[in-house]
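All residue numbers refer to positions in the sequence shown, counting from 1.
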Amino acid sequence: RGRKDDLSFGGEFMCKVLFSTLGMTDPIKNDYDGPLLHIMRHYRPQRVYLFMTKRVCELADKDDRYRVQVVRLCEREGFTCEIIERRYEEIDNPQQFDIFYPIFEWELKNIYHENPGCELLINLSSGTPQMKSTCHLLALTASFPVIPIQVTTPNESENYGTPVYDIERTWNDNIDNHPELEPQDRTHLVAMDNLRYQILREAAISNIAAYNYAAALNILKTVPDFVPQEIIWLLTAAQHRKNMALNEAEKESAKAHYDMFPIKSGDAKELFEYLLLLGIQQKNGQLMDFLRGISPALSRLLESFLDRRCNRQIKKNFCLPDRNDRNHWRIIREKIGRNDQQLLVYYDSKYVSGFRDSDLSCAVLLPIIEYDCGPQGKYSNEKVVEKARHMRMVEEKLRNSAAHNIVAIKEEHFMNIAGISSQKLLRDMQWLFRYTYQEYFTSQVNPWESYENMNVQIIDGLKADRYRN
């Protein structure tokens, strides 16, 4: 029939401590263990905290029955257990429910922090009904995991016994001390989920589904002992990812052995992740942020297309970095003419006073797209030219509108000003990225669903609780 030594998570031995109220069936009654002794017999805690009201203190002071029988049980069963008395002699009316909750909550928190790494058992079967109910409620609402245990009375009948207590006789006559009589193990782990954690977990899941990873982390940090470390790593990685801190995100996700990024090469990875971020903003209706992100996304998108599909090394052949900001580039008229005189002629035809040095942007890259992919271009592609022109037109109209008005950006603004929905603009950018980097879209897995797949991984991990109290 084995002891409950396999109770700990992961199959590894963990120390156990027991919090127990005491009632009139403790420590032994009617020739059987009371709940306290029976839990100790089968779970072998290394430390037991005894909650003692005025009447229990009087009985303990009279014959030390609780300590004596616990010590004898430990000697018989071959384990040691430290006995710690929590004496509340001022409580002389243990039928008052409201006095126990704050006391038990305070005691359990102290016990939990005094015994790091230990499993905390709670006796649900000793004491008055008010004590039992309070222990049960705390098992549901504690901010840390506890293991509630119930003990049934022998033969499912009451075990009140007689008011006369003889330590020697009750110990010798205790049937639970005689394995040859095949006494039953009457302890039962009470199956319950911690209510506090369940509520907070659902709030965290709602935030994860809305891509609010920082909020989910803050919620789960209030109940850290219920949350698998892998989930904390993944949420931290997701938060870094959404902030475009991709190196930090990769380090955190690696701790959880999760392959977060479907596209792993440098420039493509960064642009892809940025487009995913725009997708989140569009989906969540954060259109002001979405609008701000369109220009850098389009600039990088057109540059990448020209590099990979038209063999144009834009920065190397046509640009110079800004003197004050090496990450800021300007396209230079003289360099265009030096590397492609016909392209410069086309540029001059697009500007009334001819082309002048300009910041590298979607607007100044569009003429190269038209030149290379137009009907007479080396890489003729009418669809690419059409989409590039359309995206540039939308960017220009929306930016001009936003620059001259302090107003909220709503979906109807996209339709009224640009004649296109934010979702359609996003799809066009995704199409051009896929056309540029076709090699990343060969499997059946849709890379554009990477955040959703990550969210499923985190949420499933949260629902697969380590602790099923």
Side-chain angles (χ1 to χ4, degrees), residues 7-8 14-27 34-37 39-40 43 45-61 66-67 70 81-151 189-190 192-201 203 218-227 466-467 469:
L7 181 63
S8 58
M14 292 176 65
C15 68
K16 303 176 182 69
V17 296
L18 171 64
F19 173 76
S20 179
T21 53
L22 295 168
M24 294 303 102
T25 59
D26 293 306
L36 167 65
L37 283 193
I39 293 172
M40 294 192 64
Y43 286 87
Q46 283 71 56
R47 187 174 289 169
V48 60
Y49 294 82
L50 303 180
F51 180 84
M52 305 169 71
T53 59
K54 180 180 180 180
R55 176 56 179 158
V56 170
C57 288
E58 291 172 350
L59 294 174
D61 292 341
Y66 308 107
R67 183 178 295 273
V70 166
C81 179
E82 180 184 359
I83 304 167
I84 300 174
E85 295 182 351
R86 297 297 205 221
R87 300 175 72 97
Y88 285 82
E89 297 180 71
E90 69 276 12
I91 299 179
D92 59 359
N93 187 2
Q95 282 73 38
Q96 290 182 327
F97 177 87
D98 56 344
I99 64 175
F100 291 113
Y101 189 93
I103 295 174
F104 285 6
E105 182 181 41
W106 185 84
E107 287 286 358
L108 286 173
K109 283 182 179 178
N110 284 342
I111 293 169
Y112 183 74
H113 292 300
E114 287 171 8
N115 299 275
C118 292
E119 293 174 319
L120 174 51
L121 317 179
I122 298 183
N123 176 5
L124 298 185
S125 298
S126 291
T128 65
Q130 292 78 6
M131 293 179 185
K132 298 174 189 178
S133 296
T134 302
C135 287
H136 198 116
L137 181 59
L138 281 166
L140 284 169
T141 59
S143 61
F144 43 84
V146 298
I147 299 172
I149 301 173
Q150 243 172 2
V151 179
L189 286 174
V190 179
M192 66 172 70
D193 290 323
N194 181 278
L195 186 60
R196 177 191 180 99
Y197 173 57
Q198 296 301 311
I199 294 171
L200 292 175
R201 185 187 70 176
N218 287 335
I219 290 169
L220 294 175
K221 283 177 180 177
T222 64
V223 283
D225 296 289
F226 287 99
V227 186
R466 294 181 300 169
Y467 301 99
N469 289 349

Check: I39 and V151 side chains under 4.5 Å, non-hydrogen atoms:
yes

Please step through side chain to side chain contact (heavy atoms under 4.5 Å, CB included) for the pair L124 and I149, ending with a clear verdict.
CA-CA 6 Å; L124 298 185; I149 301 173; over 6 Å; no

What distance do E107 atom CD and L138 atom CG have between them, rounded to the nearest 0.5 Å?
11.5 Å

D92: which residues meet the side chain to side chain contact (heavy atoms under 4.5 Å, CB included) condition with it, sequence neighbours left out?
K54

Can you tell me how far the NE2 atom of H113 sits from the CG atom of L108, to the nearest 0.5 Å?
10.5 Å

For a 4.5 angstrom cut-off between non-hydrogen side-chain atoms, does V17 reach E114?
no

Between P145 and D225, which heavy-atom pair has the shortest distance, and what is it?
CD-CB, 3.3 Å

Distance, nearest 0.5 Å, that separates OH of Y43 from CD of E119
10.0 Å

With sequence neighbours excluded, what pairs up with Q130 under the side chain to side chain contact (heavy atoms under 4.5 Å, CB included) test?
Q95, F97, F100, T128

Can you list the residues that meet the salt bridge (charged side-chain N to carboxylate O under 4.0 Å, His left out) rule with R87, with sequence neighbours excluded?
D61, E85, E89

The reported gap from CZ in R196 to OG1 in T222 (rounded to nearest 0.5 angstrom) is 5.5 Å

Any side-chain heavy atom of V146 within less than 4.5 Å of one from L121?
no

At what distance, to the nearest 0.5 angstrom, does CZ of R201 lie from CD1 of I219?
13.0 Å

Which one of V56, L22, D26, T21 satisfies the side-chain contact (heavy atoms from CB on, under 4.5 Å) criterion with L50?
L22

Check whether any side-chain heavy atom of F226 sits under 4.5 Å from a side-chain heavy atom of L200, and report yes or no.
no

Minimal non-hydrogen separation, C135 against N123, with atom names
SG-O, 4.1 Å

Is there side-chain contact between P35 and T25, with at least one heavy-atom pair below 4.5 Å?
yes

Sequence neighbours left out, what passes side chain to side chain contact (heavy atoms under 4.5 Å, CB included) with I99? Give chain and number order.
I91, Q96

Report the residue from W106, Y112, F104 that forms a ring pair (Phe, Tyr, Trp, His ring centres under 6.0 Å) with F19.
F104

Locate the shortest heavy-atom distance separating G23 from S126; write the atom from each residue and the value.
N-CB, 4.0 Å

To check you understand the geometry: which heavy-atom pair defines the closest contact between K132 and G127, and what is its length?
CE-O, 3.1 Å

Report the distance from atom CD1 of I83 to atom CG of L18, rounding to the nearest 0.5 Å.
11.5 Å

Start with the C-alpha distance between Y49 and N110, add both sets of side-chain angles, then the distance that settles side chain to side chain donor-acceptor pair (under 3.5 Å), and finish with yes or no.
CA-CA 11 Å; Y49 294 82; N110 284 342; over 6 Å; no

Is there a side-chain contact between Q46 and K16 in this structure, where contact means two heavy atoms from C-beta onward sitting under 4.5 Å apart?
yes

Non-neighbouring partners of C81 that pass side chain to side chain contact (heavy atoms under 4.5 Å, CB included), sequence neighbours left out:
M40, P45, V48, C74, F79

Please assess S20 against Y66 for the test side chain to side chain donor-acceptor pair (under 3.5 Å), listing each intermediate value before the final yes or no.
CA-CA 11 Å; S20 179; Y66 308 107; over 6 Å; no

For E105, the side chain to side chain donor-acceptor pair (under 3.5 Å) test, sequence neighbours excluded, returns none

